[in-house]
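Order of the sequence lines fixes the chain letters, A, B, ..., with proteins taken first and strands second; residue numbering starts at 1 for each chain.
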Protein chains: 2
Amino acid sequence: MEKDLKKLFTEKGLKMTIQRVAILEYLMKTKTHPSADMIYEHISKKYPTITLSTVYNTLETLVNKGIIKKIPTFAGISRYDADLEPHVHLVMGDDKNVKIKDIYDKEIIQQIRTEVANKFNLDVDDNNIYLIIEEKRQQ
Amino acid sequence: MEKDLKKLFTEKGLKMTIQRVAILEYLMKTKTHPSADMIYEHISKKYPTITLSTVYNTLETLVNKGIIKKIPTFAGISRYDADLEPHVHLVMGDDKNVKIKDIYDKEIIQQIRTEVANKFNLDVDDNNIYLIIEEKRQQ
DNA sequence: TTTGTAAATTAAAAACATTCTATTTTACTA
DNA sequence: TAGTAAAATAGAATGTTTTTAATTTACAAA
């Protein structure tokens, strides 16, 4: 598995560092779509010298290289996902409690793509679609 | 028209102030889905004493009272809309250039609601749906 | 295996949008 | 018209993310 990561990093022109491996492996293992801070909290238990800057920088690099996905939320805090299988992110909840679900249903994805995206002449990947559903506000 | 606003504010238990009227009227007039800062820039030309805090506070109040909508984006900057006609917000572009389009097509809205929202047992209004399509990243 | 160097990590500061606090001002009721 | 609760203001504070400058590291080439 480490070999696979080595290959992946090399292909993308990235050096393989302890920090990058730790972050990517954690993201690949979890299904919680963690934030940068959540990732930092988790990783720093094993690697106490890692900094939050590194986590942010690493995530940005991995996103730009197409290795992971950055998920927008209404709470102003991005979440991350290493699952590149085509799927739609459904973001729900409220500012204090963001909930993210994955929609793998190909029909739904296809419908959204053809009915909405293509209507506006957009060239989108299946996994660049985020559906944000805000819960009703009080009063 | 001012009478209508007076009625609206009173109904919602809000005092009608110059600032609130200016902000709401601007939002009702424009179709640009402006950010708090854009609204501040526009309003402050006519009312130079208004502050950015007031714009934020007012927007928050209007959102909580259901008078306007707050639109999340991937750029970490919220945008606002006074159009309460049921429609879906399609958020596109990139961090530096957010583009928002309105989808009024009832069929599309209904499809997203029934196919996606109801599948997850969500009780959503038609205009609480935000579809964020991220453009492909470089490299 | 060692060395050179570009790339990555670090710590800290800065940037940015947004919220909060304490004070002053205002809208509206009586 | 005066009293009062609500709103606006100025400025500080917050929280997330980015940037900067210095140190450390990965890895290619000798």
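Nucleotides of DNA chain D with any atom under 4.0 Å from a heavy atom of chain A span, from 5' to 3', D/dT16 to D/dC27. From the 5' end on, the contacts that DNA chain C makes with chain A at under 4.0 Å to a non-hydrogen atom open and close at C/dA6 to C/dA12.
Mapping A/Gly13 and B/Tyr56 onto DNA chain C by nearest heavy atom places A/Gly13 closer to the 5' end of the strand. The residue among B/Gly76 and A/Ile18 whose nearest nucleotide of DNA chain C is located toward the 5' end is A/Ile18. Mapping A/Thr17 and A/Leu52 onto DNA chain D via the closest heavy atom, the residue that lands nearer the 5' end is A/Leu52.
Within 4.0 Å (heavy atoms only), B/Ser78 reaches sugar-phosphate atoms of the nucleic acid but no base atom. Note on B/Ser53: a base of the nucleic acid sits closer than 4.0 angstrom, heavy atoms only. The residue A/Thr49 sits close only to the backbone: its heavy atoms come under 4.0 Å of sugar-phosphate atoms, none of a base. Across all strands, B/Ser35 comes closer than 4.0 Å to no nucleic acid atom at all (heavy-atom distances). A/Asp37 comes within 4.0 angstrom of no nucleic acid atom, judged by non-hydrogen atoms across all strands.
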With salt bridge (Lys or Arg N to Asp or Glu O under 4.0 Å) as the test, would you mind laying out the steps for B/Lys7 and B/Glu11 before giving the verdict? CA-CA 6 Å; B/Lys7 185 158 166 273; B/Glu11 273 172 9; 3.5 Å; yes

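Not one N or O on the side chain of A/Lys99 forms a donor-acceptor pair closer than 3.5 Å with the backbone of A/Gly93. At least one donor-acceptor pair closer than 3.5 Å links the side chain of B/His87 to the backbone N or O of B/Glu85. Of the possible polar contacts, none joining the A/Lys101 side chain to the A/Leu90 backbone as a donor-acceptor pair under 3.5 Å is found. No donor-acceptor pair closer than 3.5 Å links the side chain of B/Arg79 to the backbone N or O of B/Ile71.
Side-chain atoms of A/Thr58 and A/Thr61 form no donor-acceptor pair, as typed in the model, at a separation below 3.5 Å. Inspection of the A/Tyr104 and A/Asp83 side chains reveals an N or O donor paired with an N or O acceptor under 3.5 Å.
For B/Ala82, the side chain to side chain contact (heavy atoms under 4.5 Å, CB included) criterion is met by B/Leu24, B/Leu27, B/Met28, B/Ile68, not counting sequence neighbours.
Under a cut-off of 6.0 angstrom, the local environment of CD1 in A/Ile18 is sparse, with at most 12 non-hydrogen atoms contributed by other residues, nucleotides or ligands.
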